[in-house]
Amino acid sequence: MKRSLRPLAATAVIFIIAYALAVLQFPNMLSTRVLGNFLTDNAFLGIAAVGMTFVIISGGIDLSVGAVIGFTGVLIAVLTTWLGIHPLVAFAIALGVAALFGAAMGFTIHYLQVPSFIVTLAGMFLARGGASIITQDSVPIKHEFYATLGDLMIRLPGGGRLSFIGMLMIVVFLGGALLAHRTKFGSYVYALGGNSVSASLMGVPVARTTVQIYMLSSTLAALAGIVFSLYTSAGYPLAAVGVELDAISAVVIGGTLLTGGYGFVLGTFVGVMLLGLVQTYIIFDGTLSSWWTKIVIGVLLFLFIVLQRVIFAASAPGEKSPEKV
Amino acid sequence: MADGQYVLEARGVIKIFGSQTALDSVDFGLRRGEVHALLGENGAGKSTLIKILTGAYQPDGGQVLVDGQPVTLDNPLHAQTHGIGTVYQEVNLLPNRSVAENLYLGHQPTRFGLVDHRKMERDARVLLTRYGLDLDPGSELGSHSVAVQQIVAIARAVQLSGKVLILDEPTASLDRNEVERLFEVIGDLKRAGLAIIFITHFLDQVFAIADRVTVLRNGKLVETQVLDALSRTDVVRLMLGKDIAFSGATDLEPENPTTDVLLQFSGYGRKNGVAPFDLTIHKGEVIGVAGLLGSGRTEMARIMFGADPADQGSLRVNDKPASVRNTTDAISLGFGFCPEDRKAEGILGDLSVRENIIIALQGKLGWFKALNRDEQLEIAGRFGESMDIRAASLDMPVKLLSGGNQQKVILSRWLATDPAFLILDEPTRGIDVGAHAEIVRTINRLRDDGMAMVVISSELDEVVAYSSRIVVMRDREMVAELRGKNINPGVIVQAIANNPDEATP
């Protein structure tokens, strides 16, 4: 097996074992209802994590994701509830604003040679602050279009429901996987994460790709914000605080190397599901504090970082037994 | 295209960096189907010329011509569209991606807008077979040896450019078999009509594969010659610029009755560094180290000082066994080391002259015996005076000083620790003539005071002037030890050039 697949395989195995153990304790967890809710409850996180996967594979980080989700929610709420604009138009505006925002961050990162950590940290404060200036309070969204989207779902056998936002997340994951593994853009993203100097010498359009990566991440964060507003039917400037960290955790647990160059979009899906499983288990148990979610995620994250170190240090590039030439 | 016409040509190319002329109207012509070696010591202008030919730099004067037509090469990618491809010493590929993707990145075959992995790997397999590589194109590049990666890089460059191939020290990290394998590939490409520029520090390899050779020195063209007409010694002479009557090596003189032995290195070496060497150093002796760039001079110094610790052999200091596993060991044994790259490894640019001078002494004293400011000033002042360091104040940042004064600061730093053995790597590089003479005087004075020194230098006249013995390095091996009458530039050049196992060309 390719070594880059090993962390992903480990995640999948852990997910299956953990799920099996959970089902042994709470047989109800094995139902389409729980599975459907898995997807619905984690849709916004999953969508944001797809963008984060691209950023991390390229060797960067995007800390602005949670703030962009919060900003988008507020923007949409204000546009629809206060100004009476149709939600679809509001969605388009929000996605456009986020794309420009991401492009600006990408420009800064590439042309001013500022680490992505700093730039997106500034972006995080900007977006969060911007949202708080528009409104301090939670703005409810009441529009029949929201109700329509809320009712849009596929009924699964066994009482489960695959909601619109759950399906949207799956579509984003599939699209992301296609983009990462089957397009030139995808190969450029991996190239940047491998070695940006080599990449530019090999003709990768580094500037364009960098800008596109952060545009993609911010746009998907805005889409996650739309999903979040559908999920909560409100816009709140302090919504989704810290989601960027959950997204990073999901990406890393899903087998993407934090230093860039290796990773899978579908691995992130498994990562998100594993996080969702932990949460669901704690809800089922009922006696545990919800902070246990954080502790378990912390332990998992630590395990996976150690695992990646071990796997990648054991066979460092070029040091493997040189074959005959 | 006429046979004599150049595929790629530089005419009177000039490149100026600040006040320094890196290339002074250099002419260079490359023919179809030849391997053209480009030689020169560090700073000779090789890499500047290559960067102009690949579009990384723009010339300040002169022209670059492709197929006889003047062109402006904006960047390496633009040069690629003119058929000029480059492979660098550090393999500039992506170890995290598959071999096939490394071959075709940016030019992947697509189907319905999506990358067609299957076709790409099929094409890659066909291409690799032509280079004699039988490997899975889907495998990660980083899992293969450097030699394979190097060949993949060549395959990519040839595939994308296909007229001129520039190989910038491609063999630096390859072993002997891998080099041979690479040479077969180069030979095939040459027969296929490619024009190849080959840059290396290894003369053997030049003679093994090149048809013509161009030697640069100090930014000037020295000569372009058909290699058949040249001997190894001629080439070294062209590179070092020594027009010396050759006296030929005489028999070894009987060993001078010298003073006590200070250091005995026996079988000392490091894997992938320097082949094991034996060297005995007496008190009050200066050992000059000569050799071309990349011959292992600096590596030897670093091994002696423990910067890259030896992994074989033994060392005796004052006839007692000792071991140098790191630089702290070396300093406590009374060693000192002035590295070649002053800016990167020597001075602490933002610290003051005073701090730069006392830092090694402080390191030797250890954590708890801090020198107070008065002591520091006293020490720094003493050396500032005796070494004639010209600084407005001992508290000014050392990076503001001239190269020569910086070198004196570093020298003072080690002298403050009262060393028994000092290693100087290119102590006179890049400093003006006056300071140069002073450094040489200091070396002589220290020797008379009984200090043992190893001095590495490319300036043969200089090495000859102060050395009591000279060791010659070639291909990371100590190949000769010269004393007495043999200490003259002629013999040194021959020792550098000669290859005991040379039977060919």
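Letters A, B, ... are given to chains in the order of the sequence lines, protein chains preceding strands, and every chain is numbered from 1. Every heavy atom of this structure was used, including side-chain atoms; hydrogens, water molecules and symmetry mates were not. Since the model is a prediction, treat every value here as computed from it, not as a measurement.
- Here A:L257 contributes atom CG and B:N96 contributes atom CG; the two are 9.5 Å apart, rounded to the nearest 0.5 Å.
- Not counting sequence neighbours, the partners of B:D116 by the salt bridge (Lys or Arg N to Asp or Glu O under 4.0 Å) test are B:R111.
- Below 4.5 Å, heavy atoms of chain B meet no heavy atom from residues 44-52 of chain A.
- Residues of residues 172-187 of chain A lying under 4.5 angstrom from chain B, judged on non-hydrogen atoms, are A:L178, A:H181, A:R182, A:T183, A:K184, A:S187 in numerical order.
- Inter-residue side-chain proximity for A:M202 and B:L94 is flagged as met; some heavy-atom pair is nearer than 4.5 Å.
- Here the side chains of B:R97 and A:Y262 are not in contact, with every heavy-atom distance at 4.5 Å or above.
- If you tally non-hydrogen atom pairs under 4.5 Å between each of A:A191, A:P205, A:S198 and chain B, the highest count goes to A:S198.
- Interface remark: B:N75 contributes no atoms to any contact with chain A (heavy atom separation under 4.5 Å).
- Within 6.0 Å of CZ on B:F183 lie more than 12 heavy atoms contributed by other residues, nucleotides or ligands.
- Under a 3.5 Å cut-off, the side chain of A:N195 and the backbone N or O of B:L93 do not form any donor-acceptor pair.
- Every residue two or more places apart in sequence or in another chain was checked for a side-chain hydrogen bond (donor to acceptor under 3.5 Å, both in side chains) with A:T120, and none qualifies.
- Using a 4.5 Å cut-off between heavy atoms, B:T86 does not touch chain A at all.
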